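One structure is given below, encoded as structure tokens.
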Amino acid sequence: MAATDFKDYYSVLGVSKTASPEEIKQAFRKLARKYHPDVNPGNKQAEANFKEVNEAYEVLSDSDKRQKYDQFGQYWKQVGQGFPGGGAGVDMGGFDFSQYGSFDEFINELLGRFGGAAGSRAAGGRQSYSYRTSTGRPGGGYGGFNDFGFQDAGAGTAQDTEAIITLTFLEAFAGVQKRFNLGSETLDVRIPAGAKPGSRLRVRGKGQFNPMTQQRGDLYLKVELQPHSFFQIEGDNLVCEVPITPDEATLGASIDVPTPDGNVNVKLPAGVRSGQSLRLRGKGWPLPKGGRGDQLVKVAIAPPKDLSPQEREYYEKIRAIRTYNPRSHLNQVKL
């Protein structure tokens, strides 16, 4: 049935969608008397209205037909007769067709084009949402990324859904179980250890319902991480910046550096430069197949801002006897 052929039977009878069977009967009798051909001989418009009132009453007075009409709107007659492209007697499984303004919008939704009724949709038929999740417990991961997928959501006719899930560094590092609401459903999802920004967790069968295939698509959870005050992720490695003093940079030193496993003692070589990185093997981000990446410690020389009188005295003595000039090579620079 085309959208222009659709008749609002409730409006035809002048009743609300919550009208009782008795109210519908009373409205029908009143309008039937008003438009009856015997009362309006030769009046074609009254005859058409009379037929329309009878048609509306035939549907709304039958509880089964009324239920289908309320659920599927202009497509209610296709139920049990085979929907376009589908088999006969298709059970639409509670799918609400009233969200579509026309049959074209419904088809566009199935084919994954732009348009449609509910929400904003990305290319390929995937509908995107953001979910607020409750705090989970670290350590509840799978230990691997077997359920992480990068399948094209536009393949087939399944209605995949994408949601953004935000984790702390600890949750992503150790793994966590998260709970959130998806419509009337409450989902408990385990995020495996080592989730990184942009990782997508596939939850099978929790996407949008497809009335043609009688199946649900998949839900993809896209991981985002809250910024950390010390650590950053680069590939499989953790990166951090550690300040050191000028004397530590010149003479070398042993310093404590935070890692996900706690502080470790790191030896600074004499003459280390600001911006130079020291590698701590196996102290980085968890890898999908086990093991860890590395932690890169970037050194930043931090000169003191407030010097004691004795410190200033010694710095001035060093300046007076210093033989090293780091800018000597600049004398030869020309255009």
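Along the sequence shown, residues carry numbers from 1. Just so we're clear, the structure is a prediction, and the values are computed from it rather than from any experiment.
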Where L278 and K267 come nearest, the two heavy atoms and their spacing: CD1-O, 4.4 Å
Rounded distance (nearest 0.5 Å) linking atom CG of L13 with atom NZ of K25: 13.5 Å
Path from I318 to I301 over hydrophobic side-chain contacts below 4.5 Å: no
Y69 side chain reached by D8 side chain, heavy atoms, under 4.5 Å: yes
Between NZ on residue K68 and OG on residue S63, distance to nearest 0.5 Å: 10.5 Å
ILVMFWY cluster membership beyond L330 - transitive side-chain contacts under 4.5 angstrom: V333
Q226 CD: over 12 foreign heavy atoms closer than 6.0 Å: yes
Intermediate values then yes/no, side chain to side chain donor-acceptor pair (under 3.5 Å), Y35 and N54: CA-CA 10 Å; Y35 296 122; N54 275 278; over 6 Å; no
Donor-acceptor contact present, side-chain W285 to main-chain G194, <3.5 Å: yes
Shortest non-hydrogen contact between V15 and E23, atoms and distance: CG1-O, 4.2 Å
side-chain contact (heavy atoms from CB on, under 4.5 Å) between V12 and F28, intermediate numbers included: CA-CA 9 Å; V12 170; F28 164 70; over 6 Å; no
Least distance between heavy atoms, A32 atom then V53 atom: N-CG1, 4.4 Å
Ring centroid separation F231 to F169 under 6.0 Å: no
Residue pair Q26 / K30, side-chain heavy-atom distance below 4.5 Å: no
NZ-CD distance between K298 and Q276, expressed to the nearest 0.5 angstrom: 12.5 Å
Side-chain (R179) to main-chain (D188) donor-acceptor, under 3.5 angstrom: no
In one Ile/Leu/Val/Met/Phe/Trp/Tyr side-chain cluster, 4.5 Å: V299, L251: no
Transitive ILVMFWY side-chain link L187 to I191, under 4.5 Å: yes
Heavy-atom side-chain proximity of Y9 to E52 below 4.5 angstrom: no
Minimum heavy-atom distance between R281 and D294, given as atom pair plus value: CA-OD1, 3.2 Å
Electrostatic pair K51:E55 at N-O distance under 4.0 angstrom: no
Hydrophobic cluster membership, L167 vs V203, 4.5 Å side-chain cutoff: yes
Stepwise side chain to side chain donor-acceptor pair (under 3.5 Å) check, N43 with E47: CA-CA 6 Å; N43 188 331; E47 181 179 351; over 6 Å; no
Selection residues 326-335 - residue pairs positive for side chain to side chain donor-acceptor pair (under 3.5 Å), sequence neighbours left out: none
Side-chain touch D236/K196, heavy atoms, less than 4.5 angstrom: yes
CD (Q310) with more than 12 external heavy atoms under 6.0 Å: no
Heavy-atom pair with the smallest gap, counting every atom of G205 and D218: N-OD1, 2.9 Å
K317 charged N/C atom sitting above Y314 aromatic ring, 6.0 Å / 45°: yes
Between CD on residue E162 and CG on residue L219, distance to nearest 0.5 Å: 9.0 Å
D261 side chain reached by R292 side chain, heavy atoms, under 4.5 Å: yes
Donor-acceptor contact below 3.5 Å, side chain R200 vs main chain K222: no
Closest non-hydrogen atom pair between C240 and V257, with its separation: SG-CG1, 4.4 Å
Single-linkage hydrophobic cluster V266~L296, side-chain heavy atoms < 4.5 angstrom: no
Interatomic spacing from CD1 in I24 to CZ in R29 - rounded to 0.5 Å: 13.0 Å
R66 side chain to Y10 side chain, donor-acceptor N/O pair below 3.5 angstrom: yes
Test side-chain contact (heavy atoms from CB on, under 4.5 Å) applied to L201 and V223, step by step: CA-CA 8 Å; L201 176 66; V223 175; 5.6 Å; no
Student check: side-chain heavy atoms of E58 and D62 closer than 4.5 Å: no
Inter-residue atom distance L225.CG - L170.CG, 0.5 Å rounding: 11.5 Å
Sequence neighbours excluded - side chain to side chain donor-acceptor pair (under 3.5 Å) pairs with any residue from residues 237-260: T245-D247, T245-E248, D256-N265
